[in-house]
Amino acid sequence: MGGIFITKYYIVGVGMTKFGKLYDYTLKDLTKIAVVNALKDANMPKEWIEAIYFANTGQGAIEGQHAVRGQVAVRPLGFEGIPVVNVENACASASTALNQAIQFLKAGEGDFALAIGAEKMYKKSGGKDFSIFDSAWDVETPEENLAVLQQLEKGYKLPSNAKSADQYSTFMDVYAYFARFHMNRFGTTQEQIAAVAAKNHQHSVYNDHAQYQKSFTIEEILAAPPIVYPFTLPMCSPVSDGAAAAVVCTEQGLKKLQDQRRAIEVAASVIQTGSNRRPEEVDRHLTVLSAKRAYEKAGLGPEDISVAEVHDATAIGEIIQVENLGFCDFGEGGARSLKGEFRIGGRLPVNPSGGLESKGHPIGATGLGQIYELVTQLRGEAGKRQVDNAKVALAENGGGVYGLEEAVAAITLLKTTY
């Protein structure tokens, strides 16, 4: 009886645009930049690509381009006659596209696949659109959705100026409920949340792809315009345009490349949806469960991680996720952030790119933007934001909301090959 044949899968090329208010670029333009750069990085012709997984969440709502978004975006680049699969999975769309590209390889359908995430959230007229956020939960029951989330702030006394009069995404309210629960249960403070934002904005200074490259102190962040308590403006991710792409291959495909030394192994890629739980059951959060699956698949643990990118649509997101991922105990994320444990040079650098708060959050591209950063870190090519001796990396990318938590979580584990 034969043994089980196990092969490895690699990211061999990455590319991304700058994230930001890119009024002069169309979705096709952004896609082209990311794909051309990813193929150039892999030093391979586009003809080797055997399947494309294209992530986008907003083009239908914003531009009216439904159904065949990927096909329309990549045909001008010369991709013909291969499968192009459109992927939409809320803010985790790009990570899901990467996961599906890897599944294509695992199925034995080919040796090279391309994952793309692209988003155009600023309209040509100069406006931005928050409407796509309104569909990332059950649209039939918006009042019930809020009632469930309001359980999280039970017993918490809000200040009188809890909300800004300015327009902002529904999901800032969602994250505010998450924050108030964490503050009420664990004693997390607004200063600790501000420390996360300050750290990430400081990291972004050295990231040319980031939407914002301005450093802030904790005091400046606390004094900034309020959005919804406990968040001020620099604690929240902006609306962004942008694209990112990754070329993945099998071991057989890797042998075709001239330079194999820069290949990064995909140790695990896990997509998981949430489940019903009580607020106090933090150990059943979908990221806790999906991270455990990813660690088991990779034969790794939290103690093995050198660097991480986590989904900080607001600064509390990083605090929650470093706990969920096992980087510290539940309730310790805020205090450890204030101590500087998760900054570059700290115990475990988190969001060296600047995170969503400053790098930007083009929804359908965000997950692959994280992958771009981690591949760059593992290759030792991140310049002034380089994490020392980075060997194993983790990306956590969440999306939507269902019940008391995100609707989907994506965990990707990467490691060097040398």
Atom pair CD1 (I316) and CD (Q192), whose distance is rounded to the nearest 0.5 Å: 9.0 Å
Atom pair OG/CD of S215 and Q202 - distance to nearest 0.5 Å: 4.0 Å
Pairwise distance CG(L374) to CD(Q370) - rounded to 0.5 angstrom: 7.0 Å
Y206 atom OH, neighbour heavy-atom count above 12 within 6.0 Å: no
Backbone of A55 reached by a side-chain donor or acceptor of S93 within 3.5 Å: no
Charged tip of R185 within 45° of F181 ring normal and under 6.0 Å: no
For I221 against P234, the heavy-atom pair lying closest together: CG1-CB, 3.9 Å
Spacing of K384 atom NZ and H203 atom NE2 [to the nearest 0.5 Å]: 14.5 Å
Parallel, tilted or perpendicular: ring planes of Y122 versus Y23, cut at 30 and 60 degrees: perpendicular
Parallel, tilted or perpendicular, as decided by the 30° and 60° cut-offs, for the rings of F342 and F327: tilted
Which donor-acceptor pairs under 3.5 Å do the side chains of residues 300-309 make with protein atoms, sequence neighbours left out?
from: D304; atom 1: OD2; to: G301; atom 2: N; distance (Å): 2.8
from: S306; atom 1: OG; to: K391; atom 2: N; distance (Å): 3.0
from: S306; atom 1: OG; to: V392; atom 2: N; distance (Å): 3.2
from: S306; atom 1: OG; to: V392; atom 2: O; distance (Å): 3.4
from: E309; atom 1: OE1; to: S353; atom 2: OG; distance (Å): 2.7
from: E309; atom 1: OE1; to: K359; atom 2: NZ; distance (Å): 3.4
from: E309; atom 1: OE2; to: S353; atom 2: N; distance (Å): 3.2
from: E309; atom 1: OE2; to: S353; atom 2: OG; distance (Å): 3.1

Test of ring centre spacing under 6.0 Å for Y372 and H209: yes
R385 side-chain N/O to S204 backbone N/O, donor-acceptor pair under 3.5 Å: no
Salt bridge K199-E318, side-chain N to carboxylate O under 4.0 Å: yes
Parallel, tilted or perpendicular, as decided by the 30° and 60° cut-offs, for the rings of F186 and H182: tilted
Test of ring centre spacing under 6.0 Å for F178 and Y175: yes
Intermediate values then yes/no, salt bridge (charged side-chain N to carboxylate O under 4.0 Å, His left out), D283 and K292: CA-CA 11 Å; D283 59 337; K292 286 180 179 178; over 6 Å; no
Qualifying residue, where the test is salt bridge (charged side-chain N to carboxylate O under 4.0 Å, His left out) with E405 and the options are R277, R284, R278: R277
Rounded distance [0.5 Å steps], CG in N397 versus CD1 in I371: 8.5 Å
Q213 side chain vs N207 backbone, donor-acceptor pair below 3.5 Å: yes
Separation between CD of E109 and CD1 of I82, rounded to the nearest 0.5 Å: 13.0 Å
E281, CD: over 12 other non-hydrogen atoms inside 6.0 angstrom: yes
